[in-house]
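Note that ligands are numbered from 1 as they come in the structure, with each ligand's atoms numbered from 1 the same way.
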Amino acid sequence: MATRMSRRDFAKVAALSSVALTGCKRGQPNDALANAALNASAPRGSRAFPRDFFWGVATSAYQIEGAWNEDGKGPSIWDTYAHTAGKISNADTGDVANDHYHRYKEDVALMKDIGATAYRFSISWPRIFPQGTGTPNPKGLDFYSRLVDELKAAGIEPFATLYHWDLPQALQDKGGWQSRDTAQAFADYAGYVAEKLSDRIRHFFTINEFRSFTEAGYKGFEIPAAGGTRTVFLAPGLKLPAQEFHQVCHHAVLAHGLAVQAIRAKGQQGTKIGPAENIEVAVPLIESREHSKAAEALTRELNAPYLTVMLEGRYTDAYLEESGKDAPKFTDEDLKIIASPLDFVGINVYTGKTYVLASDQAPGWREVGFSKGHAKAAISNVPLGPASIYWAPKFVQSLWRAKEIYITENGCAGEDVLADDGQVYDTERIMFLRAYLTQLQRATADGVPVQGYFHWSMMDNFEWIRGYGNRYGMVYVDFKTQERTPKMSAHWFREAAKQNAVV
Ligand code: NOJ
């Protein structure tokens, strides 16, 4: 096995940490409470998550699988993009990535070691339909079938995402998401996968981060940079005029709705379906009723072309007015499809979009953004905002009455290095986890129906245009040797999962 730290070593570290915790001085005056808090096996009371909460880890196909042209897989837009000079830092590609396609058994064993009870992975559309439509490739499906069997045998619940951005290149050549036909092709593929795998996969996510792949793929995404902002792209890296861009967004949510219907038609009874969207959440700067209401109203608008239309079946007036003549063209029937009933809502939450205060001027809120010195995650430059993971699910419940919510991604990139003793002391990730999960636990304690958390990512992987430079994993990967080493955050996660509580 290629892991630097064996599973036995890993168990030893976990055991040692509880010895250290329970071994501190006992019986001192007035320290009964302190001892209870330090006793790692004590029930966590107010820091506990609901029973049966899923402690999950997440990845996606292009970012970890490799085997880009094996066993009949067709090329995706990411193969094309990464093979184009100048698009990816360091000229990295996903050709080999984590070689997970060949090492999936080892990776499932690692997930079990770090205490994961659920795994969110994505299915590569061009592995299943090399041309996007037409004849399926049995070897592609077989890979996921074997992966699911391995997960089940390890007691890990599989959650599958059907689209994590690797569109078959053959469909891009016919117009990609600019074409309405892509939405139908996606639904056909989704229905096929559900028919074949829903005997073992109970939860399907249709599409990952509608906002990211449409905005960065078809318009360019503005990100803060020294001296202002800069535009970054994801595959296929187009800069479309506004109307065409809005149409792409419409086709994406339409694809989601058609896929929901196809999965219901072809999947086993009881199959659960929802999106995995990077909700933009406005966070009340001060937690009073009026500021929270203002933040809720802004959150609804911020998500107008994505979650809001999926959950309400209409584009907001403000969105249509703002897009004016460039608004998407759609029918009432489209809206009905887009809003096909869901079983749950999945949200990726890394930070808040902005802080907000109530205002007596229309529209009733005032965005205050982030101050210059606001703390940021070291590598990705994302402002830290633990309260976002409290407010995001809370608003999903209050705005749209969601009955089941999953945090489908949350995490941070770190400057992780292997220390001389072979360990990775990623203290910032542990601080991040503790801060965010404290807020998530607070949401569950308020009765927000969050039923699982998926950490991004299970292991370091191909971080899109940043290549292998941004390490998001709880497991360190040496991309030259493919050695995997659980970081200290993995030990933290294991303990939290064991206690079902923030630790
Ligand atoms: C969102 C995406 O879904 C995932 O692919 C990406 O690696 C992480 N965020 C981190 O940027």
Could you list, one pair per line, each nitrogen or oxygen of ligand 1 together with any protein nitrogen or oxygen closer than 3.5 Å, giving atom names and the distance rounded to 0.1 Å?
residue	atom	partner	partner atom	Å
ligand 1	3 (O)	H164	NE2	3.1
ligand 1	3 (O)	N208	ND2	2.8
ligand 1	3 (O)	E409	OE1	3.2
ligand 1	3 (O)	E409	OE2	2.7
ligand 1	5 (O)	Q63	OE1	2.8
ligand 1	5 (O)	H164	NE2	2.9
ligand 1	5 (O)	W464	NE1	2.8
ligand 1	7 (O)	Q63	NE2	2.9
ligand 1	7 (O)	W456	NE1	3.2
ligand 1	7 (O)	E463	OE1	2.6
ligand 1	9 (N)	Y350	OH	3.3
ligand 1	9 (N)	E409	OE1	3.1
ligand 1	11 (O)	E463	OE2	2.6

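- Ring centers of F129 and Y192: under 6.0 Å apart, within the cut-off.
- Aromatic pair W68/H83: ring centres closer than 6.0 Å.
- Judged as a side-chain contact (heavy atoms from CB on, under 4.5 Å), and not counting sequence neighbours, the contacts of A378 are E415.
- Checked against the 6.0 Å centroid threshold, F454 and W456 do not count as a close aromatic pair.
- Geometric assessment of R442 against the ring of Y390 yields a positive cation-pi assignment under the 6.0 Å and 45° thresholds.
- Stacking of R120 on the aromatic ring of Y406 is not recorded, the 6.0 Å distance cut-off and the 45° axial limit not both being met.
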